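What's counted below: heavy atoms across the whole structure, side chains too, no hydrogens, waters or symmetry copies. Everything numeric in this text was worked out from a predicted model, so none of it was measured. Labels below follow one simple rule: chain letters A, B, ... track the order of the sequence lines, proteins then strands, and each chain is numbered from 1.
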There are 2 protein chains.
Amino acid sequence: MGRRSDHSREEIRQLALGAAEAIVAEGGFKALTARKVAAAIGYTVGTLYLVFENLDDLVFQLNGRTLDQLYQRMLDEKHHSYSGKKALYALATAYIDYAEAESPRWNMLLEYVAGKDEVMPDWYLEKLGQVFGLVEETLASTVGNQDDKTISQAARVLWASVHGICILKIRQRLDLAGGQSTGEMACMLIDNFVEGMSR
Amino acid sequence: MGRRSDHSREEIRQLALGAAEAIVAEGGFKALTARKVAAAIGYTVGTLYLVFENLDDLVFQLNGRTLDQLYQRMLDEKHHSYSGKKALYALATAYIDYAEAESPRWNMLLEYVAGKDEVMPDWYLEKLGQVFGLVEETLASTVGNQDDKTISQAARVLWASVHGICILKIRQRLDLAGGQSTGEMACMLIDNFVEGMSR
DNA sequence: AGCTGTAATTGAACATCGTTCAATAAAACC
DNA sequence: GGTTTTATTGAACGATGTTCAATTACAGCT
C-alpha cells in the first residue's frame with residue numbers, strides 16, 4: 001500500500017507503545033518483538049522503524065511511561081498527607097505494590113543494560129530525578145536538622161535499598177527461609193535507617 | 001567426524017563455561033551465543049547441547065561459578081578478622097569491588113529472569129544461601145542481643161539493600177547529582193541501619 | 001477527469017539467533 | 001578385518017532485529 005495517513009506519526013507512536021505495554025504485561029519481557037507490536041497496531045515492521053530508531057528506543061520510551069506511572073502512584077500516596085516515617089512507608093508501599101502488580105513492566109526498567117558507551121537520554125534522567133525528589137522531600141521532613149547534601153545522599157541510599165529489596169523478592173532470589181513480605185522488609189529498612197539518622 | 005574423546009563430557013563442560021566467561025567479560029551479556037562458545041572450544045553447536053540442556057542452563061551454571069567467586073572474595077575479606085561495623089564494611093566493599101571489576105558477569109546474576117513457572121535449581125539456592133549466611137553471622141556479632149529470626153531477616157534486608165545500591169550505580173541509574181561512590185553509599189547504609197538496630 | 005509528483009507503507013531479503021537430529025566418522029570390540 | 005557402538009557434526013528450521021527498493025495512495029495542478 002502507499003500513503004494511508006490513517007494515523008499521524010505521533011499517533012502511531014502512541015499506538016505502538018500501548019501495544020507494547022500489553023504484550024509485555026501479557027507475556028513478559030521476552031515476548032516483545034517488533035513484528036508482534038506492528039501486527040497489533042495493524043502496521044508492518046517497516047513502519048515501526050520510521051517512528052522508532054530501533055527496538056531499544058521503543059523500550060526506552062516505554063520505560064519512560066512506566067516511570068511516569070510509578071511517580072504518579074507515589075505522588076497520590078503522598079497526598080494522603082501522612083507525615084514522618086508513615087509517609088516513607090506509604091511511598092515504599094506504593095513503589096512495591098506497583099512493582100508487584102506490574103512486574104514485567106517494572107522489570108524492564110532494569111533489564112535493558114545501557115550499551116558500552118550508549119548514554120541515557122536527558123528526558124529519562126529527568127524522570128528518574130522526579131522519583132528521587134519525592135523521596136528526598138519526604139525524608140527531609142522526617143529526619144530534621146540535617147544539611148541538604150546529607151538528605152539528598154540519604155534519599156538515594158534509602159531508595160536504592162528499597163529497590164534492592166524489591167528486585168530480590170520479585171526475581172525470587174530471596175525466598176530462602178525468613179518468609180517476610182517485601183513490605184515488611186521495607187519497613188524494617190526504613191525503621192532502622194531513619195532511627196539511625198535521627199541521632 | 002565421529003568419536004574423538006579428546007575430552008570427557010565434564011571437561012567439555014568446564015571448557016565451555018570458561019569460554020563463556022571470557023566472552024561475557026569481553027563483550028557483555030549480549031555477546032554470549034552458543035556458536036561463539038562452541039567455536040571457542042573447538043567444537044560445534046551440537047556438542048554444546050549434549051552437555052547443557054540449553055543456553056539458559058549454561059548461564060545458570062556460569063552464574064553458579066560467579067556466586068562461588070563472590071563468596072570466596074567475601075570470605076577472604078572476613079578472615080582479615082575485623083569486627084563490628086568494620087566487618088560489615090569489609091563485606092560490602094568486597095561485594096562492591098567484585099561487582100565493579102566483573103560487572104558483566106555480575107550483571108548476569110540478575111539478567112536472567114526465571115521463566116513463569118521455571119524453578120531455580122537447589123544447588124543454586126544453596127550458593128545464594130552461603131552468601132547470605134556470611135552476612136548473617138557478621139551482623140549477629142555486630143548487633144548483640146537480638147533473636148535469631150530478627151538477625152536473619154535483618155541480614156536479608158541489609159544485603160538486599162547493598163545489592164540495590166550496587167545495581168543502580170553500575171547500571172548508571174543513579175548519577176544524578178550527589179556524586180558519592182558506591183562504597184560511601186554502602187557505608188552510610190550500614191552505619192544508619194546498624195545504629196538503628198542497636199537501640 | 002486525468003496526469004504527475006510526493007510521501008507513506010510495505011514486505012521480501014539478510015544476517016544471526018537457539019535448537020534439533022539424521023548422517024557420519026572414529027574408536028572399540030570380537 | 002568386519003561390525004557395532006557412540007561422539008560429533010552441520011545442515012535445517014523457525015524466529016529474531018533491521019534495511020530499503022518497490023509499491024501504492026493521496027494532493028495538487030492543468
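Nearest-nucleotide positions on DNA chain D for B:Gly42 and A:Thr47 put B:Gly42 closer to the 5' end. Residues A:Leu50 and A:Arg35 both approach DNA chain C. Their nearest nucleotides, taken by heavy-atom distance, put A:Leu50 toward the 5′ side.
For the residue pair B:Gln14 and B:Arg65, a side-chain donor N or O sits within less than 3.5 Å of a side-chain acceptor on the partner.
Neither OP1 nor OP2 of D:dT9 sits under 4.0 Å from any side-chain N or O of B:Tyr43. Note on A:Tyr49: every side-chain N or O is 4.0 Å or more away from OP1 and OP2 of D:dG17. A:Thr33 has no side-chain polar atom (N or O) that falls below the 4.0 Å cut-off from OP1 or OP2 of D:dA15.
Across the protein-nucleic acid pair, A:Phe29 atom CZ and D:dG17 atom P stand 10 Å apart, rounded to whole Å. We find that CD1 of B:Ile12 is positioned 13 Å from C1' of D:dT6, with the value rounded to whole Å. Rounding to whole angstrom units, CD of residue A:Glu11 and P of C:dA8 are separated by 14 Å. Between B:Glu53 atom CD and C:dT20 atom P there is a gap of 9 Å when expressed in whole angstrom units. At whole-Å resolution of the value, NZ in A:Lys30 and P in D:dG17 are 14 Å apart. Atoms CD1 (B:Ile41) and P (D:dT8) sit 10 Å apart, rounded to a whole Å. Remark: P of C:dA15 and NZ of B:Lys36 are 17 Å apart, rounded to the nearest angstrom. We find that CZ of A:Phe52 is positioned 15 Å from P of D:dT19, with the value rounded to whole Å.
Taking only side-chain atoms of A:Ala34, from C-beta outward, the nucleotide of D:dT18, C:dT9, D:dG10 with the closest atom is D:dT18. Distance from the side chain of B:Val45 is smallest for C:dT19 among the nucleotides D:dA7, C:dT19, C:dA12. Comparing D:dA7, C:dG11, D:dT9 by their nearest atom to the side chain of B:Thr44 picks out D:dT9.
Ring orientation note: the planes of B:Trp106 and B:His163 are tilted relative to one another, at an angle of 30° to 60°.
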Discussion item. Determine whether B:Lys85 and B:Glu195 satisfy the following criterion, salt bridge (charged side-chain N to carboxylate O under 4.0 Å, His left out), listing intermediate values before the conclusion.
Written reply: CA-CA 10 Å; B:Lys85 267 201 275 195; B:Glu195 202 67 50; 3.4 Å; yes
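Within 6.0 Å of CD on B:Glu53 lie no more than 12 heavy atoms contributed by other residues, nucleotides or ligands.
Not one N or O on the side chain of B:Glu126 forms a donor-acceptor pair closer than 3.5 Å with the backbone of B:Trp123.
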